[in-house]
Amino acid sequence: MTEHPAEADIAIIGGGASGLAAAIFAAEHDPKRVLRIVIFEGAQRIGAKILVSGGGRCNVTNAEVTENDFWGSSRTIIRNVLRSFDVSRTIQWFQSLGVELAREESGKYFPVTNRAASVRDALVNGAIQRGCRILRGTRIENLLPASCGLRLTWSHGNQSCLARRVILATGGLALPKSGSDGAGLRWLRALGHTIIEPVPALVPLVLARENSIGGRFAEFSGVSFPCVARFVSHQDHVTYETRGPVLFTHFGVSGPAILDLSRHVTRELFLHRKPVEITIGHMNFETRDAAINFLQNQRLKHPRRQVATVLAELYPERFAHALAAELAPRRLCELRRDEMRMLGARMSALPLKVIGDRGFAAAEVTAGGVSLLEVNWRTLESQKVPGVHLCGEILDVDGRLGGFNFQWAWSSAFIAGRGAALALLAGQKSG
Ligand SMILES: Cc1cc2nc3c(=O)[nH]c(=O)nc-3n(C[C@H](O)[C@H](O)[C@H](O)COP(=O)(O)OP(=O)(O)OC[C@H]3O[C@@H](n4cnc5c(N)ncnc54)[C@H](O)[C@@H]3O)c2cc1C
């Protein structure tokens, strides 16, 4: 049986991407290795989410990362954190851990091995080599301030560890089977933190079954084409727009453009508890007029061409035929003005009625979490619970697809790990 320490200098709760990285960063700021750093991981399998990330390849970061790739409670804090440990330092740091990263044309970085396990193993070995202890299968049940630090308890309160500082890296609620169940958020809420209500993000959306083209999504299951997806939020009257492939499925829609848009939609569904409308338009046509122009040009050039044939050059055949079948005329020259306008509207902004999402089990990240306005960005220490530093997805930050969420995990882990270690070492020097 693993022996658990009764005391630690830094206890890290959560051995996911940000927890493992924070342990390494804390140890790297303690060159004399005086600090006792312990990682408590609830699952038996450490870094389970890293292993399934990026389709098993782990998209570690992106060539260009700015605060505009993220959403959260403070863009300024997100920028400051990202700049403190940027992409070039991330690439070098991984190199120092023995992981070479390769850049793909899209700007995404993956390990050259193309195996997420290389990243997970390097983080686990890096922590162990730097003297950190990793305790698997130890799910912390509570975190409470104590007279000289913080007390972590488990086994129904029968076991505990007194830590001088804690790094809370328990993640959000996405992919709960990997061990992220939002426990850290519950403790912090009880300790007085503002928690922006977590909703699934980077998640497929569920559509209403109707007779409209959008409502017949199941007929197009497996069909995908490049789109501009849009959502006008009633909450803040902002139009959110994403680009990329949209994929129809048996339950609704998925694909990069939908996943990137989803965090705005799930927030609105959560707040208003009623269906919301999004639109998808073919990437070639930003506006209805652009689509109409295209159709008019086609009519001039090939008046006797079938509408379905023209559409099949833009869309997969099943979808093109369904769009054309909505119109009585078969040939371009037979299209009336109102029919052309209707088709142009469908091509540039097809309405989809969203009634839900696929939930945290299918989400890649959590939108929401601990408000950034309640942490000191230079150390990511809580302003409500002194001695507790936060990193990773537990904070109210979520990035778009492309390696941004891991970059947030590394950058915030750097600040939290350094912050916790330097606070203790400074105390020892002056003590
Ligand atoms: C399928 C999938 C694919 C993804 N692919 C990518 C990608 O390619 N690129 C990218 O940038 N992002 C990707 N992400 C997002 C990325 O994985 C997360 O943003 C990142 O892992 C968050 O790291 P974290 O350490 O904050 O949280 P997590 O990785 O969720 O780790 C939290 C850890 O804390 C542990 N824990 C929780 N509560 C307790 C407790 N009470 N006691 C002890 N331990 C506890 C959990 O078991 C878990 O191991 C993907 C996510 C998913 C679900």
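Note that ligands are numbered from 1 as they come in the structure, with each ligand's atoms numbered from 1 the same way. If you read the sequence from its start, that first residue is 1, and numbering goes on from there.
- Counted by atom type alone, D260 and T242 present zero donor-acceptor pairs between their side chains at under 3.5 Å.
- Neither the backbone nor the side chain of A48 comes within 4.0 Å of ligand 1, counting heavy atoms alone.
- At least one side-chain heavy atom of L188 sits under 4.5 Å from a side-chain heavy atom of L390.
- Among A169, S18, A43, the residue whose heavy atom sits closest to atom 32 (C) of ligand 1 is A169.
- In terms of protein heavy-atom proximity, atom 42 (N) of ligand 1 is nearest to I140 N, 3.0 Å.
- Aromatic ring orientation, F285 versus H282: tilted (interplanar angle from 30° to 60°).
- Residue contacts with ligand 1: G47 is placed with no nitrogen or oxygen under 3.5 Å of a nitrogen or oxygen of the ligand (distance criterion only).
- When each of L395, I196, L380 is tested with V370 by the rule side chain to side chain contact (heavy atoms under 4.5 Å, CB included), just one qualifies, namely L395.
- Only side-chain heavy atoms of V365 come within less than 4.0 Å of ligand 1; its backbone N, CA, C and O stay farther off.
- In this structure, the protein non-hydrogen atom closest to atom 1 (C) of ligand 1 is V52 CG2, 4.0 Å.
- For R89 and F414, the positive end sits near the middle of the six-membered ring, less than 6.0 Å away and at most 45° from its axis.
- Near W187, meaning under 4.0 Å from any of its heavy atoms, are these atoms of ligand 1: 41 (N).
- For F404, every heavy-atom contact with ligand 1 shorter than 4.0 Å involves the backbone, none the side chain.
- Under 4.0 angstrom from ligand 1, the non-hydrogen atoms of F406 come from both its backbone and its side chain.
- The pair E41-R136 does not meet the salt-bridge criterion, since no charged nitrogen lies less than 4.0 angstrom from a carboxylate oxygen.
- Nearest to atom 51 (C) of ligand 1 among the protein's heavy atoms is E364 O, 3.1 Å.
- Ranking protein heavy atoms by distance to atom 19 (O) of ligand 1, first place goes to E393 OE1, 2.9 Å.
- The nearest protein atom to atom 23 (O) of ligand 1, hydrogens excluded, is given as A17 CB, 3.9 Å; this is a heavy-atom distance.
- Note: an N/O pair closer than 3.5 Å links K49 and ligand 1 by distance alone.
- At least one heavy atom of T138 sits closer than 4.0 Å to an atom of ligand 1.
- Here is the list of ligand 1 atoms found below 4.0 Å of a heavy atom in G403: 9 (N), 10 (C), 11 (O).
- Of all atoms in ligand 1, numbered sequentially from 1 with element shown, those under 4.0 Å from a heavy atom of I13 are 42 (N), 43 (C).
- Between H264 and Y240, the ring-plane angle classifies as parallel under the 30° and 60° cut-offs.
- Nearest-residue assignment for atom 30 (O) of ligand 1 (options S180, G369, G171, A409; heavy-atom criterion): S180.
- Residue contacts with ligand 1 leave out Y109, since none of its heavy atoms falls under 4.0 Å from the ligand.
- Using a 4.0 Å cut-off between heavy atoms, V60 makes no contact with ligand 1 at all.
- Considering only non-hydrogen protein atoms, atom 43 (C) of ligand 1 sits nearest to G42 N, 3.1 Å.
- Every atom of ligand 1 is numbered from 1 in the order shown, and the set under 4.0 Å from a heavy atom of T170 is 32 (C), 34 (O), 37 (C), 38 (N), 39 (C).
- Contacts between F360 and ligand 1, counted as non-hydrogen atom pairs separated by less than 4.0 Å, are absent for every part of the residue.
- Taking every non-hydrogen atom of F40 and a distance limit under 4.0 Å, the qualifying atoms of ligand 1 come out as 43 (C), 44 (N).
- A distance of 6.0 Å or more separates the ring centres of F94 and Y109.
- Contacts between E41 and ligand 1, counted as non-hydrogen atom pairs separated by less than 4.0 Å, involve both the backbone and the side chain.
- A salt bridge does not link R263 to E364: none of the charged nitrogens lies less than 4.0 Å from a carboxylate oxygen.
- Of the candidates A21, S53, A413, A174, it is S53 that places a heavy atom closest to atom 6 (C) of ligand 1.
- W408 and F404 have their aromatic ring centers separated by at least 6.0 angstrom.
- By heavy-atom distance, the residue among G54, G392, G16 lying nearest atom 5 (N) of ligand 1 is G54.
- In this structure, F40 and H4 have parallel ring planes: the angle between them is below the 30° cut-off, well short of the 60° mark.
- The heavy atom nearest to atom 37 (C) of ligand 1, considering only S178, G14, P176, G179, is found in G179.
- Contact of the I77 side chain with the V81 side chain is registered, since non-hydrogen atoms from C-beta on lie closer than 4.5 Å.
- Between R243 and E286, at least one side-chain nitrogen of the basic residue sits less than 4.0 Å from a carboxylate oxygen of the acidic one, meeting the salt-bridge criterion.
- Annotation: atom 38 (N) of ligand 1 to nearest protein heavy atom, R139 NH1, 3.3 Å.
- In terms of protein heavy atoms, atom 9 (N) of ligand 1 is closest to N59 O, 3.0 Å.
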